[in-house]
Asker: 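This is the structure I have questions about; it appears just below.
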Amino acid sequence: KYLAEKEVLNAKRDGLKANIHRIGSLTWDKFGTFQVNEDENGLINRLRGLRKTFKYMDGELDTLMDLTPVDECAKAFVALMQNGHANNIYHLFNPNAITIKAISEMYNEKYEGINKEAFKEIAKTTEDKLIKTYANYELIVYPMNGNMIDCKKTLIMLALKGFNWSVID
């Protein structure tokens, strides 16, 4: 995606009129319907791994998790396509993110914060595919999560078209 975006940006310098749409972590629609092959979905597998380990990376209890309903993302995309603007970069994700803490409260489960070394050990030694997927994700992505992408410009454009993201519950 990075290389494709780079090519589009280069072509824009030569006169191409184009928008770039950066899509969030697509999830089920607002009614809970999910993709047919949900067992292959990275987000679902990470959430299942979290609920199997009951562990999270120290300091990440309030880390935001991007859950962008696929039907809302499609509507937001269409709204932006209809605004007639070109040469913009849009961030299409639901800014009403949820935290590990909120997930633990939803399921009335207590999760334990552990350090990076403990997660490395879990990732290295577990035979469970879901736990391995979750542990590796914690090690790679969560440390970067403190830098939430700013989507204010996209939200303004969407609001002008009458679109607002739902609150994840």
Side-chain angles (χ1 to χ4, degrees), residues 1-51 56-57 59-107 130 133-169:
K1 290 190 280 186
Y2 169 78
L3 293 175
E5 194 172 299
K6 189 174 170 183
E7 291 298 318
V8 170
L9 292 171
N10 287 336
K12 283 170 57 175
R13 281 189 222 116
D14 295 331
L16 175 71
K17 291 186 181 192
N19 290 318
I20 294 173
H21 297 82
R22 295 176 178 157
I23 307 292
S25 181
L26 296 177
T27 63
W28 43 89
D29 67 18
K30 67 180 176 183
F31 301 107
T33 306
F34 201 66
Q35 66 192 58
V36 176
N37 58 339
E38 76 177 46
D39 289 338
E40 296 176 27
N41 181 274
L43 172 68
I44 290 293
N45 288 332
R46 290 189 307 271
L47 289 172
R48 287 176 177 160
L50 166 67
R51 295 199 59 225
Y56 62 90
M57 187 87 72
E60 301 294 330
L61 192 60
D62 291 316
T63 294
L64 298 173
M65 297 177 74
D66 170 21
L67 304 176
T68 300
V70 66
D71 55 332
E72 288 185 19
C73 188
K75 288 176 184 171
F77 182 83
V78 169
L80 291 171
M81 293 294 294
Q82 293 174 339
N83 74 14
H85 295 118
N87 297 326
N88 290 303
I89 297 176
Y90 297 110
H91 296 95
L92 289 167
F93 69 91
N94 187 336
N96 302 312
I98 195 165
T99 64
I100 291 174
K101 181 179 181 181
I103 291 170
S104 74
E105 290 168 356
M106 271 187 243
Y107 290 101
L130 296 174
T133 297
Y134 169 64
N136 282 318
Y137 187 78
E138 279 279 298
L139 290 166
I140 295 167
V141 176
Y142 274 56
M144 298 183 294
N145 202 345
N147 302 315
M148 191 68 165
I149 296 170
D150 181 359
C151 63
K152 289 180 187 127
K153 182 175 97 175
T154 304
L155 292 175
I156 290 168
M157 298 301 289
L158 288 171
L160 291 172
K161 296 300 271 180
F163 178 88
N164 291 298
W165 295 98
S166 65
V167 174
I168 303 299
D169 61 10

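Counting from 1, the numbers follow the sequence of the chain as shown.
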Asker: Evaluate Asn83 against Tyr90 for side chain to side chain contact (heavy atoms under 4.5 Å, CB included), listing each step before the verdict.
Answerer: CA-CA 12 Å; Asn83 74 14; Tyr90 297 110; 3.3 Å; yes
Asker: Got a sec, which residues hit side chain to side chain contact (heavy atoms under 4.5 Å, CB included) with Asn41, two or more places apart in sequence or on another chain?
Answerer: Phe34, Gln35, Leu43, Ile44
Asker: Given 3.5 Å as the limit, does a donor-acceptor pair link the side chain of Glu72 with the main chain of Ser166, or not?
Answerer: yes
Asker: Test side chain to side chain contact (heavy atoms under 4.5 Å, CB included) on Leu9 and Ile20 and set out the steps.
Answerer: CA-CA 9 Å; Leu9 292 171; Ile20 294 173; 3.8 Å; yes
Asker: If you look at every heavy atom in Tyr134 and Arg46, which pair is closest and at what distance?
Answerer: CD1-O, 3.4 Å
Asker: Please name the pair of heavy atoms, one in Asn87 and one in Asn19, separated by the smallest distance, quoted to 0.1 Å.
Answerer: N-OD1, 3.0 Å
Asker: Could I get the full list of side-chain hydrogen bond (donor to acceptor under 3.5 Å, both in side chains) partners for Gln82, not counting sequence neighbours?
Answerer: none
Asker: Provide the closest heavy-atom pair for Leu80 versus Leu92 in the form atom of the first, atom of the second, distance.
Answerer: CD1-CD2, 3.5 Å
Asker: Side chains of Arg22 and Lys1, heavy atoms from C-beta outward: is any pair under 4.5 Å?
Answerer: no
Asker: Any donor and acceptor pair, going by atom type alone, linking the side chain of Asn94 with main-chain N or O of Asn96 inside 3.5 Å?
Answerer: yes
Asker: Is the shortest side-chain N to carboxylate O distance from Asp29 to Lys75 below 4.0 Å?
Answerer: no
Asker: Rounded to the nearest 0.5 Å, how far does CG of Leu50 lie from OG1 of Thr133?
Answerer: 13.0 Å
Asker: Which heavy atom of Glu138 sits nearest a heavy atom of Met57, and at what distance?
Answerer: OE1-N, 2.7 Å
Asker: Could you tell me which non-hydrogen atom of Asp62 sits nearest to which non-hydrogen atom of Lys101, and how far apart they are?
Answerer: OD1-CD, 3.6 Å
Asker: Can you tell me how far the CD1 atom of Ile98 sits from the CG atom of Asp66, to the nearest 0.5 Å?
Answerer: 11.5 Å
Asker: Supply the atom-to-atom distance Thr27 OG1 to Leu47 CG, rounded to the nearest 0.5 angstrom.
Answerer: 10.0 Å
Asker: Mind checking whether Asp39 and Arg48 have side chains closer than 4.5 Å, heavy atoms only?
Answerer: yes
Asker: Could you pull out every donor-acceptor pair under 3.5 Å between side chains of residues 153-165 and any protein atom, sequence neighbours left out?
Answerer:
from   : atom 1 : to    : atom 2 : distance (Å)
Thr154 : OG1    : His91 : N      : 3.0

